[in-house]
Amino acid sequence: MRAPCSVLPGELSAGEAQDPFLVSAHIISDPGASQPLQQAVDGLLAWVHPGLPLFRVSERRAPRRRRKAPRAAQPALAVVLFLREAGGQEPILRAHRALQRPPWCHHHAERAPGGLRPYLPCSQDFFTLGPGTPLWAVRPVHYGKEAVRFTVYCRHDSYADALGFYALILGRRPSQRKADFCVFPVFSGPAVDIQFSLKRLPCGQAPAPADSCVLEFRVGDLGELVPRLPKPCSPISEGRWQTEDHDGNRILLQVPGWMRGAGGLASPGRPRPAPRASPRLLAASVCPTLSQGHLMFS
């Protein structure tokens with residue numbers, strides 16, 4: 001029987017902000033599909049923490065053309081929910097059963113390390129809401145808190161660059177680091193942890209960008225950050241900018257205390273929340289076919 005895995009507690013230093021929304025995600029759906037997808041995501045996250053709004057589903061103006069990805073392509077983004085076994089296996093099995101109903105689709109199952117048989121039949125499965133969206137999985141943990149973990153898969157030769165890039169964006173170092181895997185603590189609460197991780201793929205294997213999902217990061221001084229980014233950074237709304245990592249994954253940078261100054265960049269001032277962009281605006285950031293005439297604030 002395979003030993004249960006564990007989620008080590010996050011190691012946030014005193015100088016690292018405790019912001020549960022430091023990392024969030026926007027999923028882009030076809031017209032009319034946002035409500036069932038939002039309900040599916042919210043229902044799954046409720047097993048970790050009810051009312052945890054880490055994901056927002058927005059709609060395109062027109063349906064996307066379906067493009068077949070190579071069968072062996074590894075999606076660039078995954079979300080893993082770690083559920084404690086303290087209350088028994090039933091909550092984990094119920095969460096897994098939810099993933100077996102529409103709109104969820106089974107994507108693939110990983111092989112257990114060393115050829116061992118998992119002690120739960122669902123513990124190696126990955127699911128998805130559709131092409132271009134993240135992989136989702138539920139994993140049991142024997143001890144530690146329940147957790148939500150964002151994982152970005154990197155090409156073998158870009159892993160080191162990606163580690164430096166996301167450390168810069170997150171403003172912290174990884175708490176766990178190996179040659180092919182690292183974990184950044186994002187938030188550590190009394191009952192739940194939020195984590196961000198990078199996974200290095202084998203040589204010759206390239207991740208398929210999640211073109212129907214974009215990660216958003218809250219950042220501090222954008223003026224200091226932009227010159228250090230590997231790709232151009234452009235505004236999409238007041239307080240939100242778009243750039244890419246080394247593998248071409250598009251990300252949003254949100255500056256909560258952003259105020260327009262004479263130079264058009266961040267300037268000191270009394271902090272105020274960044275205006276919330278409309279679903280169409282955020283959809284446009286990952287779907288250029290959305291006309292500029294539909295970009296607006298809500």
Side-chain angles (χ1 to χ4, degrees), residues 5-26 45 48-49 52-55 76-82 134 141 144-155 158-200 207 210 213-231 233 239-247 249-258 265-266 268 271 273-274:
C5 63
S6 63
V7 178
L8 297 179
E11 300 176 5
L12 288 168
S13 69
E16 292 174 339
Q18 279 276 53
D19 182 357
F21 307 113
L22 184 68
V23 183
S24 59
H26 301 276
L45 287 174
V48 176
H49 190 282
L52 192 62
L54 294 176
F55 295 83
L77 179 63
V79 181
V80 181
L81 308 185
F82 293 94
V141 290
K145 289 178 285 186
E146 296 186 319
V148 178
R149 178 182 292 173
F150 298 88
T151 298
V152 171
Y153 291 85
C154 312
R155 289 184 294 108
S158 66
Y159 174 73
D161 289 331
L163 198 157
F165 172 81
Y166 285 105
L168 176 65
I169 296 294
L170 293 166
R172 61 199 60 189
R173 298 177 179 178
S175 59
Q176 306 171 50
R177 181 175 177 179
K178 298 180 180 179
D180 61 352
F181 181 72
C182 67
V183 178
F184 294 86
V186 171
F187 173 81
S188 184
V192 63
D193 283 343
I194 301 174
Q195 302 170 343
F196 179 84
S197 68
L198 299 174
K199 176 66 176 177
R200 189 181 202 174
C213 183
V214 59
L215 290 178
E216 178 169 301
F217 298 83
R218 287 183 175 176
V219 299
D221 191 336
L222 190 65
E224 289 188 4
L225 186 63
V226 168
R228 303 171 65 184
L229 298 176
K231 302 288 183 67
C233 187
R240 278 186 173 87
W241 294 61
Q242 178 179 269
T243 188
E244 294 183 356
D245 67 10
H246 292 79
D247 284 341
N249 297 302
R250 278 177 280 190
I251 67 171
L252 298 181
L253 305 178
Q254 182 198 120
V255 188
W258 190 90
L265 291 177

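All values below were derived from every heavy atom in this structure, side-chain atoms included, with hydrogens, water molecules and symmetry-related copies excluded.
- Between V192 and A147 the shortest heavy-atom distance is CG2-CA, 4.2 Å.
- Residues Y166 and F184 keep their aromatic ring centres 6.0 Å or farther apart.
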*Audit row: F150, I194, side chain to side chain contact (heavy atoms under 4.5 Å, CB included) steps and yes/no*: CA-CA 8 Å; F150 298 88; I194 301 174; 4.2 Å; yes
*Given F187 and D193, is the side chain to side chain contact (heavy atoms under 4.5 Å, CB included) satisfied, shown in steps?*
CA-CA 6 Å; F187 173 81; D193 283 343; over 6 Å; no
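- Between I251 and F165, the closest side-chain pair of non-hydrogen atoms falls below 4.5 Å.
- Separation of atoms CG (D247) and CZ (R155) is listed at 4.5 Å; rounding is to 0.5 Å.
- Taking both residues in full, the closest heavy atoms of D245 and K231 are given as O-NZ, 3.3 Å, listed atom of the first, atom of the second, then distance.
- Two residues are said to be in side-chain contact when any heavy atoms from C-beta on lie closer than 4.5 Å; V148 and V186 fail this criterion.
- Expressed to the nearest 0.5 Å, how far OH of Y153 lies from CG of L77 amounts to 9.0 Å.
- Side-chain contact check for L54 versus F21: some heavy-atom pair is nearer than 4.5 Å.
- When all heavy atoms are compared, the tightest approach of C233 to L253 is SG-CD1, 4.1 Å.
- Between the side chains of H49 and E146, no donor-acceptor pair of N or O atoms lies under 3.5 Å.
- Interatomic distance, L81 CG to L45 CG, rounded to the nearest 0.5 Å: 6.0 Å.
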*Should C182 and Y159 be marked as a side chain to side chain contact (heavy atoms under 4.5 Å, CB included) after you check the CA-CA gap, both sets of side-chain angles, and the distance that decides it?*
CA-CA 10 Å; C182 67; Y159 174 73; 3.6 Å; yes
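- Heavy atoms only, all atoms of each residue included: R200 and A179 are closest at NH1-O, 3.1 Å.
- Taking CZ of R218 as the start and CZ of R240 as the end, the distance is 8.5 Å to the nearest 0.5 Å.
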*Tell me, with the steps shown, if R177 and L163 meet side chain to side chain contact (heavy atoms under 4.5 Å, CB included).*
CA-CA 10 Å; R177 181 175 177 179; L163 198 157; 3.5 Å; yes
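- S24 is linked by a side chain to side chain donor-acceptor pair (under 3.5 Å) to nothing, counting only residues two or more places apart in sequence or in another chain.
- Counting heavy atoms from C-beta on, the side chains of W241 and V219 never come closer than 4.5 Å.
- Across L215 and F196, no two heavy atoms sit closer than the pair CD1-CE1, 3.9 Å.
- The side-chain heavy atoms of K199 and D180, taken from C-beta on, include a pair separated by under 4.5 Å.
- Shortest non-hydrogen contact noted between K145 and P190 is CD-O, 3.5 Å.
- Note that CD of Q195 and OG1 of T151 are 8.5 Å apart. Values are rounded to the nearest 0.5 Å.
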